[in-house]
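What follows is a single structure, written as structure tokens, with notes after it.
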Amino acid sequence: MNRTLIAAGNWKMHKTIGEASAYAEAFLARMREFQGLEVVICPPFTALPVLRDQFYQTPVRLGAQNVHWEIQGAFTGEISAPMLQELGCRYVIVGHSERRHIFRETSEEVGWKVKTLCSFHLSPILCVGETLSEREAGKTREVVQEQLLQGVAHLTPEEAQSLVIAYEPVWAIGTGRASTPQDAEEVIRFIREELASRFGQEVASGIRILYGGSVAPENVFDFVVQENIDGTLVGGASLDPGKFLKIVEETERAFLRKSGGA
Ligand code: 13P
């Protein structure tokens, strides 16, 4: 199964509108068509309108970093799926470890968010991953399985086709200490097997599964060249347009290698 790869940048709480706009200008100046992959940028909500305009009719797609599961109502400070759709988003990150740990989001809430996104034809980027102590206690699979199965609990196999999963081990996020590509491949293969038991082999083999955690231009190729890894979700290194472009180029190189070329 040939899956379109993804190079996604999660800017987290970085960049004002002005900074985002300057980034887009620098990025687009060096952008070209890339084979076999999608480029996605997930800025803060406030930068979505300006980036939608700047990325209009370019290959760069927009994503958001969070959403509420209800469509509207008395939820001060929250943002809904139709609001994100209107802003030109194709993707929405949900269940990021920072939301789970700092803001105490539960897997059950994440599951409702995923369901709502699918009903608005927005693709969820569902993040899962274990902490260092969970890994050391040998609980990686158990933790990842719980987050994954609750995250997709309400989806039909048809809705699951638009899912993207990001495996982000918490200990690798922002630490400069990435997983090894082999360890990431092993967990990601396990995720694909779990998706196959839940939605069937055919649907599972079409779902993109990304790796995230200290991805850099120097290591991205080694991750994406793995059989089950379909791209990366990049934090720190996506904040610099030159570095992120290099990550995109390396992802294309991995695509060409995987599809039997160079
Ligand atoms: P870093 O790439 O900075 O480690 O962050 C990863 C991440 O959390 C992406 O969502």
Side-chain angles (χ1 to χ4, degrees), residues 5-15 19-20 23 27 37-45 47-48 60-67 84 89-103 105 107 110 113-114 117 122-132 134-135 140 143-144 147-148 151 163-181 183-184 187-188 191 208-224 229-251 254:
L5 304 180
I6 294 180
N10 172 12
W11 286 2
K12 309 189 179 182
M13 197 172 72
H14 292 283
K15 297 193 191 295
E19 289 163 351
Y23 180 111
F27 192 74
L37 67 102
E38 285 180 87
V39 179
V40 182
I41 289 183
C42 306
F45 295 132
L48 285 169
V60 184
R61 311 247 156 102
L62 274 186
Q65 299 174 18
N66 189 23
V67 68
L84 295 176
C89 290
R90 293 273 189 99
Y91 292 93
V92 181
I93 297 170
V94 286
H96 191 278
S97 72
E98 287 146 21
R99 300 235 38 107
R100 291 179 192 267
H101 297 120
I102 305 171
F103 301 102
E105 257 183 44
S107 291
V110 173
K113 292 179 178 200
V114 166
L117 289 173
L122 289 159
S123 290
I125 301 179
L126 167 60
C127 300
V128 299
E130 82 287 1
T131 63
L132 187 58
E134 288 163 344
R135 180 174 200 95
T140 298
V143 170
V144 165
Q147 292 175 350
L148 180 72
L163 259 183
V164 177
I165 309 292
Y167 169 56
E168 299 205 313
V170 180
W171 47 270
I173 295 176
T175 57
R177 209 186 125 207
S179 165
T180 65
D183 282 353
V187 179
I188 285 175
I191 292 173
R208 272 91 54 87
I209 311 180
L210 316 180
Y211 167 76
S214 296
V215 172
E218 298 74 31
N219 64 14
V220 61
F221 178 86
D222 293 336
F223 283 106
V224 183
I229 304 184
D230 305 315
T232 53
L233 182 57
V234 187
S238 75
L239 294 173
D240 177 275
K243 275 192 192 165
F244 190 51
L245 204 69
K246 187 76 189 151
I247 285 171
V248 173
E249 286 166 358
E250 288 290 285
T251 303

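We count ligands from 1, going down the list as the structure has it; atoms in each ligand are counted the same way.
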Give yes if a backbone or side-chain nitrogen or oxygen of E168 is under 3.5 Å from a nitrogen or oxygen of ligand 1, and no if not. yes

Of the choices C127, G235, S97, which has the non-hydrogen atom that lies closest to atom 6 (C) of ligand 1? G235

Give the numbers and elements of all ligand 1 atoms closer than 4.0 Å to a heavy atom of S214. 1 (P), 2 (O), 4 (O)

Would you say I229 and P181 make side-chain contact, with heavy atoms under 4.5 Å? no

Under 4.0 Å, heavy-atom basis, I'd like to know which part of A172 is in contact with ligand 1: side chain, backbone, both or neither. backbone

Under 4.0 Å to a heavy atom of G236 - the qualifying atoms of ligand 1, by number: 1 (P), 2 (O), 3 (O)

Between S214 and A172, the two heavy atoms sitting closest are OG-O, 2.7 Å

Atoms of ligand 1 less than 4.0 Å from G174 heavy atoms? 1 (P), 3 (O), 4 (O)

Indicate, as side chain, backbone, both or neither, the part of L233 found under 4.0 angstrom from ligand 1 when only non-hydrogen atoms are considered. both

Is any side-chain heavy atom of P217 closer than 4.5 Å to a side-chain heavy atom of I247? yes

Heteroatom distance test (G213, ligand 1): nitrogen or oxygen, under 3.5 angstrom: no

For the residue pair E19 / H14, report whether a side-chain donor-acceptor contact shorter than 3.5 Å exists. no

Report, in ascending order of atom number, the atoms of ligand 1 lying under 4.0 Å from any heavy atom of N10. 9 (C), 10 (O)

Smallest separation among heavy atoms of A178 and N219, with atom names: CB-ND2, 3.9 Å

Do side-chain atoms of Q147 reach the backbone of G129 as a donor and acceptor pair under 3.5 angstrom? yes

K12 N/O to ligand 1 N/O under 3.5 Å: yes

Take a 6.0 Å sphere around CZ of R90 and say whether it holds more than 12 heavy atoms from other residues, nucleotides or ligands. no

